[in-house]
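A note on names: the letters A, B, ... follow the listed sequences, proteins ahead of strands, and every chain is numbered from 1.
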There are 2 protein chains.
Amino acid sequence: MLKDIIDNNENYQPGLSIDCVIFGFHDNQLKVLLIKVERANKWSLPGGFIPVDQDIDTAAITVLNGRTGVEGVFLRQFSTFGKVKRNEQHFDKKALEYLQIEEEKGKWLMRRFVTIGYYALVDFSKILPNLTGRHEIVEWIDHKEVPELILDHREILDKALDTLRVELNLMPIGYNLLPEKFTIPELQKLYETILDKKLDRRNFLRKITNIGILTKLDEKKSNVAHKAPNLYSFDKEKYDEVLKNGLNQGW
Amino acid sequence: MLKDIIDNNENYQPGLSIDCVIFGFHDNQLKVLLIKVERANKWSLPGGFIPVDQDIDTAAITVLNGRTGVEGVFLRQFSTFGKVKRNEQHFDKKALEYLQIEEEKGKWLMRRFVTIGYYALVDFSKILPNLTGRHEIVEWIDHKEVPELILDHREILDKALDTLRVELNLMPIGYNLLPEKFTIPELQKLYETILDKKLDRRNFLRKITNIGILTKLDEKKSNVAHKAPNLYSFDKEKYDEVLKNGLNQGW
DNA sequence: CCGTTAATGTGTTATTGTGACGCAATGTAA
DNA sequence: TTACATTGCGTCACAATAACACATTAACGG
């Protein structure tokens, strides 16, 4: 796969790549989709290169799709990373040998790569991790327990999380991370997890319902301990409206 | 200049550039620094290429510095633009001929360029426009009267302005756009101009002073019609604190 | 079968923030 | 001196928010 790209490197944007931070929510944890290639001992963000005949946004969708299979999800460019030494010594001679890439062609990989960071919000329940079979492991990992990552991927992940926290105040986020039907406590847990702080149940309910994007369903969650919470869904139409205009007006 | 870069194109990041949207405030107008090269009939944002041995943020500072001469100003990356056709047919044969660039070397320029957008907030009074002398015109232009721009520079400018409007709600902006001493009405005009809407004088005063980043000086503006307004300055220390923590907490 | 337990749903109150506006103070110009 | 535009300060009603009290529900253990 990588070899194919290198061998036809004139078909790809040189010195430029895309890395995706894919967020999901499960078991009251904010998870990140990470991959590990067979030979490596560090994890990395799913990423890819940019065909010269594709918009960068399209290339990002391709990367996301290749890993998750889902379409039409929330995907947003958040920052571009280009420190001089960010991928220095990442592909050394040994690595090139292993990948069966000729030294001459390998030079394409050795230069400084600038990478464009995208973050995605996906419905955890709709994603099959490890759909691979190729020489890599794909796994959802709690954002608080992310192991050492290659290159500057840790920095990229942190920046994505920062951006997500800011955006949480500007737009309704839950829609993309939760299944169609969900409970208010679940939504609150999501907010608490992202913001890493406790919120008051009752005030949260009032605030979130006042936005006017939730539809209370005539249905309760079953098979739960204690009182069964009511189910809600997002009102897509009003949701899109709020998404367009933003939440906080400020001035 | 451009010829030098092309002739030594192996020293620059291929297919990647930087464009800066430089904002200034003067005469109650939000101005943008634009340039026009001699032969062209359209204006463009100041931009440049990225030396392979420079961080992209450093390269952006270089671009800004080359145009304005100021240092240590607010400069922030806001988005990266990479549509396939964004610079199609920008450098045609005629242009290359005019620039005395060989056709072979010119190919470096002909591919799709991805550009990283930065926006800067500078103190208008400290900038000398048209410090050039080279074959280009540098000019401050009211953001409401920006003429047709090359490529997708209009889109880049619009996005910068959108970002600025959002950031205005998240952090204190005025510090970078106004001279050291300023009046509340001036600051209000700045906000009104950026947001393109009228604000109530009295509520604005209350809100802006409550942030706690302004120091009321024992000095009034002189030589003005009507009542002389008081002068203020930013309390750098508190300003930095607020800048770090943000304004609106949200949740 | 019933009381315990740990959740959810609903309501109350005090405080703060915001929008809309009144009015006096100030300095320029006629 | 007066008219006038602009600044500075204050008031009021209302909305938003934080903190908290209490009733309701359903599983579970005895």
Side-chain angles (χ1 to χ4, degrees), chain A residues 27-28 168-172 174 178-179 181-193 195-233 242 245-251, chain B residues 27-28 168-172 174 178-179 181-193 195-233 242 245-251:
Chain A
D27 277 346
N28 290 340
L168 199 61
N169 293 324
L170 303 176
M171 54 181 66
L178 292 175
K181 297 175 182 179
F182 56 91
T183 69
I184 298 290
E186 278 167 3
L187 185 57
Q188 183 181 338
K189 291 274 164 46
L190 170 60
Y191 273 67
E192 289 181 339
T193 306
L195 298 172
D196 196 25
K197 87 177 171 196
K198 284 268 163 216
L199 301 173
D200 184 277
R201 278 186 314 117
R202 296 145 291 188
N203 295 334
F204 180 81
L205 171 67
R206 187 155 27 88
K207 244 181 130 170
I208 205 80
T209 50
N210 274 348
I211 298 176
I213 54 172
L214 296 182
T215 309
K216 188 172 183 175
L217 302 177
D218 202 18
E219 197 177 347
K220 284 170 192 283
K221 183 143 187 167
S222 52
N223 286 331
V224 290
H226 317 299
K227 180 169 181 177
N230 214 307
L231 284 170
Y232 286 77
S233 70
V242 175
N245 301 326
L247 281 176
N248 286 338
Q249 301 292 37
W251 300 90
Chain B
D27 276 345
N28 289 342
L168 199 61
N169 292 323
L170 303 176
M171 55 180 65
L178 292 175
K181 296 175 182 180
F182 56 92
T183 69
I184 298 290
E186 278 168 3
L187 185 56
Q188 182 180 341
K189 291 274 163 46
L190 170 60
Y191 272 67
E192 289 181 339
T193 306
L195 297 173
D196 197 25
K197 86 177 171 195
K198 284 266 164 216
L199 301 173
D200 184 277
R201 281 187 311 116
R202 298 149 283 192
N203 296 334
F204 181 81
L205 171 66
R206 192 181 35 191
K207 252 181 123 168
I208 204 80
T209 49
N210 274 348
I211 298 174
I213 54 171
L214 296 182
T215 308
K216 188 172 182 173
L217 302 176
D218 203 19
E219 197 176 346
K220 284 169 192 283
K221 184 142 185 168
S222 53
N223 286 333
V224 289
H226 316 298
K227 180 172 180 178
N230 213 308
L231 283 170
Y232 285 77
S233 70
V242 175
N245 300 327
L247 281 176
N248 286 338
Q249 300 293 35
W251 300 91

Atom CD1 of B:I208 and atom P of C:dG17 are separated, to the nearest Å, by 15 Å

Near A:K221 NZ, under 6.0 Å, is it more than 12 heavy atoms from other residues, nucleotides or ligands? no

Nearest whole angstrom, please: distance from the C1' of C:dT12 to the CG of A:D200. 13 Å

Can you tell me which nucleotide in C:dC21, D:dA5, C:dT10 comes closest to the side chain of B:H226? D:dA5

Taking 4.0 Å as the cut-off, does a side-chain nitrogen or oxygen of A:K221 come that near to OP1 or OP2 on C:dG9? no

How long is the line joining CG of A:L231 and P of C:dG9, in whole Å? 10 Å

Heavy atoms, side chains only, cut-off 4.5 Å: are B:E186 and B:K189 in contact? no

Kindly point out which of C:dT10, D:dT7, D:dT11 is positioned nearest to the side chain of B:K227? D:dT7

Quick one: which of D:dA19, C:dT8, C:dC21 gets closest to the side chain of B:R202? C:dC21

Taking it one step at a time, do A:L170 and B:N169 satisfy side chain to side chain contact (heavy atoms under 4.5 Å, CB included)? CA-CA 10 Å; A:L170 303 176; B:N169 292 323; over 6 Å; no

From the set D:dA5, D:dG8, D:dC22, return the single nucleotide nearest to any side-chain atom of A:R201. D:dC22

To the nearest Å, how far apart are A:N203 CG and C:dT16 P? 16 Å

Taken to the nearest whole Å, CG/B:L205 to P/D:dC9 is 7 Å

Atom NZ of B:K207 and atom C1' of C:dA20 are separated, to the nearest Å, by 14 Å

If I take atom CD1 in residue A:I184 and atom C1' in nucleotide C:dT10, what distance separates them, rounded to the nearest angstrom? 14 Å

Contact class for B:N210 (heavy atom, under 4.0 Å): base, sugar-phosphate, or nothing? nothing

To the nearest Å, how far apart are B:K220 NZ and C:dA25 P? 14 Å

Compare the minimum distances between each of C:dT8, D:dA19, D:dG8 and the side chain of A:R206, then state the nucleotide with the smallest one. D:dA19

If the plane angle is over 60° it's perpendicular, under 30° parallel, otherwise tilted; pick one for B:F204 and A:W251. tilted

